[in-house]
Protein chains: 2
Amino acid sequence: MNDVAAAAGVALKTVSRVVNNEPGVNAATAERVLAAIERLGYRRNDSARILRRGRTASIGLVIEDVADAFYSSLSRAVEDAALHHGYLLFTGSSREDSARERDLVLAFCARRVDGLIIVPAGTDHGYLKPEFDAGIKAVFADRPPGAGCEADTVLCDNAGGARAGTAHLIAHGHRRVAFLGDSPGIFTAAERLRGYREALAAAGLPYDEGLVVMGPPDPARLRAHLTRLLAASEPPTALFTGNGRITVETLRVLATLTDAADAGPTGGLALVGFDDFELADLLGVTVVAQDPARLGRTAADLLFMRLAGNDEPTSRIELATRLVPRGSGERPPPPRGNRTAR
Amino acid sequence: MNDVAAAAGVALKTVSRVVNNEPGVNAATAERVLAAIERLGYRRNDSARILRRGRTASIGLVIEDVADAFYSSLSRAVEDAALHHGYLLFTGSSREDSARERDLVLAFCARRVDGLIIVPAGTDHGYLKPEFDAGIKAVFADRPPGAGCEADTVLCDNAGGARAGTAHLIAHGHRRVAFLGDSPGIFTAAERLRGYREALAAAGLPYDEGLVVMGPPDPARLRAHLTRLLAASEPPTALFTGNGRITVETLRVLATLTDAADAGPTGGLALVGFDDFELADLLGVTVVAQDPARLGRTAADLLFMRLAGNDEPTSRIELATRLVPRGSGERPPPPRGNRTAR
DNA sequence: CATCCGACTGACAACGTTGTCTACCGGGGT
DNA sequence: ACCCCGGTAGACAACGTTGTCAGTCGGATG
């Protein structure tokens, strides 16, 4: 900027005014300055600008994994909102690691982002205290913050969705419905399990721990568990899968586990999955759909409201889910006599 | 930092030394400083640090759309590399809009990122000249930069992959293979079309413009084109689809267009798609697979080499593709007599 | 002619760091 | 007694902006 000023024969401040389109600069002078800028290939240094102004016009987004369809669609929605407000976006994946979540958040804060959208991996957010004191705004998405951390939160109705999905299977005659969920330490997984249990209870069915599998969606693990489940003396006639990854991996396992002659990709078993996924329509898989884009949009809206100065008490929004019947969830159990024939 | 210095009764510089783990600070003094930092909830301001030091330890990534599986997996690979080198990552989606690409890149540059990885939407990268002069390093991924812009580039062997995929169909007896590609202005789309033509030529088959459809993967558009193609007097017996989105949409259209009784999700037509996609295995769709993660990793490696000071002449890397047969591409054409029976 | 006004321009400090250079202090070698 | 040295600490400038305030100048006003 100094060089530009020298080249144009004006003061530093005048260049600043031109660069920022501030009024009060003679058209001819501005012209000269612009020419100098062009000639020298000058670009404003936003680091200095940020330092001086105190606002960065950027926000940070911490998710679990960009490569996952759910989060990438959430990201896209946040990015759209950021673009719309003229903000730049930092992104980072926590890999379900709370230390990494913290490191990312603190790195973003050190860059003085104005706000954060966090899909928390950990359950302790005490480390955010100094940041909040410093005026940083944060919105939690998909999962709530740890105890003692007051912040806006946007969730899906996980329990409600799982309840509806399980009830759907029960309504189609199933009495032994297995639940395949992610690690119970994950908020959404625990909530969905809760919904599943509520649906069983509401139907007067017993909760059978033998029908419940919780853990990361590792193909080998899932295969072992499914094999065991289906070989049991009283195998489940229906599956409720707790997230998109698990649903997909389950479909894969079922495809190799059951005879190709079996009808449909679920090999005769009824199945409802939490999370919609690409091509579920073609495969005829009934799902409880969340709307990740809406989740991201809502979180971003909330954040930009805060950034605009709104300081109402924090809110906790729960977005509804939607049951999408596509065939796999409407399949009745096999006739009684066949029950153990597998 | 000033406050911390005052609170600890030391000079500014001493706090700086403690914060940066510089040697030459008495353990007791450091202790006092750390206590003050803790007490005041102090966090270093990276904007100021960046301004002073000149290096930002951050890179910018411009892709086409984070929500697309191909790019989100590329993103993830870049993010991993950035993490590994201790860099932060700015991300932005260009939406296939060259103006937006430029704005994003320039915004990142204004933030003084050290390097850029760009999936270009436009074909003119003259705007990068001043940035290059200022020392910013850039690597182009998936598509090359516009003419006159010298920079490292990592591509897939688009033409080779399309040639192999088309040849595969021809080898299985098809003589009328339709090509459904993205807009011809997109480098990868054009290259794939070229590969398709080369395969036809190599097999001595004529190039029939009536069998080629180029344009954005809009469901309605695709449906119209497919309907037209299949209703022709000499309809294609096989399809080559030019990217993941198009493959998926084509499958959808075929599912509704053909009788459910028809074998397989492609309704009797043979199909090979460019790009692998989730569940292609279950659907039995033969694809020419790219490896987006490897693309991202390679681009990042190249960039970090440059950032480390390597200034060899720029390189252009082409990654091989891999044909993955899964059934849809190995289906022979219907017997001659049936040709127009559809 | 003195005065004032508005349009334009510039000088200067400040944002929060870090690099450089200098200062102090106590101990060991000459 | 002198010097030097390593270990420690601080003063100060600089990074590139922008906000504040003060200045200049030509013309309109009283």
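Quick note on labels: first sequence line is chain A, next is B, and so on, each numbered from 1. Small disclaimer: the values here were computed from a predicted structure and weren't measured.
With rounding to whole Å, Glu22(B) atom CD is found 11 Å from dT20(C) atom P. Distance CG (Leu12(A)) to P (dA14(C)): 16 Å, rounded to an integer number of Å. If you take CD of Glu31(B) and P of dT8(D), they are 15 Å apart, rounded to a whole angstrom. Distance Asn20(B) CG to dG16(C) C1': 12 Å, rounded to the nearest Å. Going from atom CZ of Arg32(B) over to atom C1' of dA9(D) covers 11 Å, rounded to whole Å.
The aromatic rings of Tyr127(B) and His125(B) are tilted relative to each other, their planes meeting at an angle between 30° and 60°.
Contact annotation for Ser16(B): base contact, defined as any heavy-atom pair under 4.0 Å involving a base atom. Residue Val25(A) is in sugar-phosphate contact alone, with no base atom involved, counting any heavy-atom pair closer than 4.0 Å across all strands shown. In this structure, Val10(A) reaches the sugar-phosphate backbone alone: every heavy-atom distance under 4.0 Å involves primed, P, OP1 or OP2 atoms, never a base.
Between Val19(B) and Ile37(B), some side-chain heavy-atom pair lies under the 4.5 Å cut-off.
Glu96(B) pairs by the salt bridge (charged side-chain N to carboxylate O under 4.0 Å, His left out) definition with Arg143(B), not counting sequence neighbours. For Glu150(B), the side chain to side chain donor-acceptor pair (under 3.5 Å) partners two or more places apart in sequence, or in a different chain, are Thr314(B). In this structure, the salt bridge (charged side-chain N to carboxylate O under 4.0 Å, His left out) partners of Asp80(B), at least two apart in sequence or on a different chain, are Arg95(A), Arg76(B). With sequence neighbours excluded, the residues forming a salt bridge (charged side-chain N to carboxylate O under 4.0 Å, His left out) with Glu191(B) are Arg194(B), listed by chain and number. With sequence neighbours left out, the side chain to side chain donor-acceptor pair (under 3.5 Å) criterion links Ser75(A) to no other residue. With sequence neighbours excluded, the residues that form a ring pair (Phe, Tyr, Trp, His ring centres under 6.0 Å) with Phe90(A) are Phe108(A), Phe90(B). Among residues two or more places apart in sequence or in another chain, the salt bridge (charged side-chain N to carboxylate O under 4.0 Å, His left out) test is passed with Arg49(A) by none.
Nearer to the 5' terminus of DNA chain D, by closest-nucleotide assignment, is the contact made by Thr29(B) (compared with the other of Thr29(B) and Arg112(B)).
Applying the side-chain hydrogen bond (donor to acceptor under 3.5 Å, both in side chains) rule to pairs touching residues 24-39 of chain B yields nothing, sequence neighbours excluded. Here salt bridge (charged side-chain N to carboxylate O under 4.0 Å, His left out) pairs that include residues 296-313 of chain B, with residues two or more places apart or in two chains, are Asp152(B)-Arg306(B).
For the pair Asn26(A) and dA7(C), the criterion of a side-chain N or O lying under 4.0 Å from OP1 or OP2 is not met. The phosphate of dG16(D) has neither OP1 nor OP2 within less than 4.0 Å of any side-chain N or O from Asn2(A). Distances shorter than 4.0 Å separate none of the side-chain N or O atoms of Thr14(B) from OP1 or OP2 on dA9(D).
Within residues 39-56 of chain B, the residues approaching DNA chain D are Leu51(B), Arg52(B), by heavy-atom distance under 4.0 Å.
At least one donor-acceptor pair closer than 3.5 Å links the side chain of Ser93(B) to the backbone N or O of Val66(B).
Relative to the axis of its first five pairs, the axis of the last five pairs of the helix from dC1(C)-dG30(D) to dT30(C)-dA1(D) sits at 60°, rounded to 10 degrees.
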Restricting to nitrogen or oxygen on both sides, can you table the protein-nucleotides 20-28 of chain D pairs closer than 3.5 Å?
none

